[in-house]
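Have a look at the structure below, then the notes.
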Amino acid sequence: MITLENIFFRYPDSDFKLEVDRLAFNSGSKTAIIGTSGYGKTTMLNLIAGIILPVSGDVIIEQNKISAFSDKNRRDFRIQNIGFIFQDFKLISYLNVMDNILLPFRINSTLQIKRETKQSVAELAEELGIADKLKKFPSKLSHGEKQRVAICRALLNQPSIILADEPTGNLDPENKKKIMDILFSAVEKYNATLITVTHDHDMLKGFEKIIDFKDFQKL
Amino acid sequence: MMAFFSCGKENAKEAVKKKEIVTVITVNYPLYFFADRIGGDLISLQYIIPADVDPAYWNPNEEELSLYQSADIILANGANYAKWMENVSLPSSRIVNTSASFKDELLPLKNVASHNHGPEGEHQHKGVAFTTWLDFDLAIEQAEVIKDILIKKLPKEKLVLDENFENLREDLERLGKKMIDVTLQLKDINVLGSHPVYQYLSKSYNLNIRSVHFEPDVFPSNEQWRELETIVDRSKENLMLWEGHPNKKTENRFHELNIDILVFNPCENMPAKGDFLNVMKDNIDRIAK
Amino acid sequence: MKESFYLAIKYLVFYKFRTLVLVLSIGLILFLPIGLQRLIVESEEQMLLRADATPLVIGAKGSSTDLVINTLYFEQEEIEPIKLLKVEELNSTELGYAIPILSVFKARGFPIVGTDLDYFSFRNLTLNDGRNLQYVGECVLGSEVAKKLDLSVGDALVSSPENFIDLAGIYPLKMKIVGVLKVSNTPDDTAVFTDLKTNWIIMGLGHGHQDLQKIEDPTLILKRDSSRVTTSSKVFMFNEINAENLDSFHFHGSLEEYPITSILFVPNDVKSATILRGRFGAKEMEEQIAVPSDVVENLLQTIFRIKRIFNMVFTLVGIATLIIIGLIVVLTLRLRKEELFTMFTIGSSRYKTMEIIGFELILMIVLSGTIASVLYGFTGFFIEDFIRQFII
């Protein structure tokens, strides 16, 4: 269960504010959050991931009040439990696909690269159709391929929470469907909670719950 | 460096091998004789000049030159003797000029063919007489220079070297005295020289020798006979000194001209038999007769 | 830490051109002062080695530096000549022995050094090929001369004419190469050694020509009688000495009066050296005596002052470069803000990110240091040649 309670957030030196009374996501659920740009959907995902802290209010994940964690604990929790698929993929240009996928394991000591890790990469890459791209650099990949690399990175550790920010943006319909199928399949496989931010109404089929964020964003 | 000896004279003695070896080489026979008398077993003395050449005009080949270059002491006569030394490379620290101490007493050559380039002035060839050993006092001085250099090289042998030198000095002085006695007999005789090699003999024994350029084995040309006439004194008895006995034809002509012949061997090169003292003694005996 | 190192390497390898430029720049900045330091130290050592190996030098009064530089390094500075007579005078003191040096001419850019055989034994120069000097007109080459001019025993080397206009003076002499010396790692490697007399022949003080008594061509004879021949300047002088014409070579006047540029004097012992130096202190002496090690040390003091200036300049340049490099690093970090934020969002701590950047910097510094070390090591191969060619 993921709960946001009495959240108030603002960026320094900015007029933007986010205020949510209560927003909850059941474990294992598939939720799509829609709404026009600028309402704070991505901000909300960042709050859930613990990347940013609310000025006031709580973010609680399975009884863990992560908004009260230290920076280190929040990071460790994030890397162990959350798979974040960023809107702009956030691939590292000087790392090949394999290294990009393994990046979380290299930057946080709570995850260790073992032999089976690389085996998992190969299998996941095969599943995502990028097995032949492992030695390539991001500059040589198509938009769809980059997206799948980002997904592979997010799913490698079998997270219990999958946060996806516009996972199908700029993809053609065939690839969009492929991506969504992968995400839904991961939810089933890892018994994960999927929260997807999207403004692509064509991709809403398959989600159990669709939330229009303007209904929750008070400001 | 291979050893190269002429005249079959063996100079390396057993005793030398046990001590420090000082190699000595000379440019003519008289210096060789002096070095041998003084140094004896104490030095390794070399004489490589062929018997049939005049050492003053001899040119060593590469092998022979390298023997000079490698010797510890090169005994030079000085007075521009051995023209070959002018055009070769020798270690100057090892050259000993045995006539350096009396260079101011060297006798100039007269009537030397010279040349100059362009009308700007005469460039005389180095015209000094070089048969210094024919003045036995000068010969003693040359021997003393040899003794001094050997003492410098072999300081521990000073006593022996001094003694050897003294013995040689006595022999040369004896010769000198004899020479004075016999040359008194020549005071009324016009003494001529077949070759300009008797300058020091002439000066030291007051012989006033005037010379031509005759060779013992070559009958002189008409011009040369005419030149002879310019130095013959018909008011006196004339006697010509020769380095070697002239050929028969020349001898006969001298007989016709009423000029006596006397062989006075300057002993520049190693004699076929005997040594320097023997040769000089024979010269003196011939004068005495 | 292993992973941070891995990521750092990946970054540097991906941006290899940028990395190379930075690493080479820093490497060069690190190398230059230490390279210069080595060059100066080794030059000092070489110069002092040569100077220490030469007890005393005698020459005309004037600059003792020029005298020593000319004699030891054959730099052919303009110095007044002295007479060969001085050699005999010095030898007669029995305080040691004197070696004459005459170094005024060149042959294809290399100094011709006229001397005698004592020089070779004094300097412990041995032959690699051929033999030592024997006759005038011969030369023995230093190892570098033979190598650079691709000459060997049996070849010929012509002395360079001083002045094409001076027809009556110095003219080129074709010298026969009879020997090539072994490498000595001294200025002797770049010299052409001849006998003194060969140098005098180049000077025109000695010459060879056909027998003047036998000249038939009347246009060559100005005057002739039974004892003297006066020739015109037209008579042909040999410009090469061989077995056939060797005997015709001669010198006019007394050799004692002939010029040399300096004398190396090898004293018997320290006391002899002191006595001789004392004698040269007298005002009436026309020559000067120099102790090469003293002269070179003074010279090196000047170089040492210049070295300090160079070091200061290099330090300033180094600081400026480091500032620029620091600026580049800061700007690069700004450009990488997004990448670093990605890592942070994925789960990297600030410390971890700094560790990655830190490794990048350390790797660059290590690579730069390696380049500097390699360059420093390479200079070891070439420094002696460089010093011999450009410094001494």
Side-chain angles (χ1 to χ4, degrees), chain B residues 1 57-72 74 78 80 83-97 100-101 103 106 109-128 145 148-149 151-152 213 223-224 226-227 230, chain C residues 84 87-88 91-92 94 96-100 115-122 131-138 140 168 178 193-198 201 206-209 211-213 222-224 226-235 237 241 243 246-247 249-255 266:
Chain B
M1 194 67 70
Y57 302 102
W58 171 65
N59 281 311
N61 61 27
E62 284 184 22
E63 283 168 19
E64 289 158 346
L65 186 53
S66 62
L67 289 173
Y68 279 92
Q69 290 179 326
S70 60
D72 294 319
I74 303 166
N80 300 321
K83 190 178 174 295
W84 61 266
M85 293 182 84
E86 251 185 41
N87 288 339
V88 300
S89 300
L90 291 169
S92 55
S93 65
R94 293 187 241 159
I95 300 174
V96 177
N97 180 352
S101 60
K103 68 177 180 186
L106 295 174
L109 281 174
K110 291 174 191 161
N111 300 321
V112 171
S114 68
H115 70 270
N116 50 304
H117 310 287
E120 68 273 6
E122 179 174 325
H123 300 275
Q124 187 82 25
H125 268 298
K126 289 165 276 302
V128 286
V145 168
D148 288 341
I149 190 68
I151 288 174
K152 213 183 286 184
H213 288 79
E223 195 182 327
Q224 284 177 304
R226 279 197 289 276
E227 198 184 342
T230 63
Chain C
L84 183 69
V87 172
E88 203 181 305
N91 282 333
S92 64
E94 298 189 358
Y97 67 94
I99 304 172
T115 183
D116 76 19
L117 293 181
D118 284 331
Y119 183 86
F120 297 92
S121 45
F122 170 66
R131 60 163 173 78
N132 211 332
L133 303 168
Q134 286 198 325
Y135 300 100
V136 292
E138 293 176 348
V140 165
V178 296
F193 291 99
T194 66
D195 189 272
L196 271 185
K197 301 179 210 88
T198 304
I201 289 170
H207 49 242
H209 48 70
D211 189 343
L212 300 177
Q213 300 291 342
L222 297 178
K223 186 176 158 189
R224 193 209 295 264
S226 62
S227 64
R228 191 187 316 147
V229 177
T230 305
T231 67
S232 75
S233 305
K234 234 175 92 176
V235 76
M237 306 292 183
I241 304 172
L246 175 65
D247 281 348
F249 273 83
H250 55 275
F251 299 87
H252 291 279
S254 168
L255 291 189
V266 186

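Note that the coordinates shown come from a computational prediction; the quantities given were computed from them, not determined experimentally. In the text below, chain A, chain B and the rest are named by the order of the sequence lines, each starting its count at 1.
Without hydrogens or angle criteria, C/Q134 side chain to B/E63 main chain gives no donor-acceptor distance under 3.5 Å.
Under the side chain to side chain contact (heavy atoms under 4.5 Å, CB included) criterion, C/E94 pairs with B/K152, not counting sequence neighbours.
With chain C as partner, the option from B/L90, B/N87, B/V88, B/L65 having the largest number of non-hydrogen pairs under 4.5 angstrom is B/N87.
Rounded to the nearest 0.5 Å, atoms CG (C/D116) and CD1 (B/I95) are 7.5 Å apart. Distance check, rounded to the nearest 0.5 Å: OG of B/S93 to CD1 of C/I99 gives 7.5 Å. Here the NZ-OG distance, from C/K197 to B/S89, works out to 6.0 Å after rounding to the nearest 0.5 Å. To the nearest 0.5 Å, atoms CG (C/N132) and CD (B/Q69) are separated by 6.5 Å.
Closest of all the heavy-atom pairs between C/D118 and B/S92 is OD2-N, 3.5 Å.
Under the 4.5 Å side-chain criterion, counting only non-hydrogen atoms from C-beta, C/Y97 is not in contact with B/R94.
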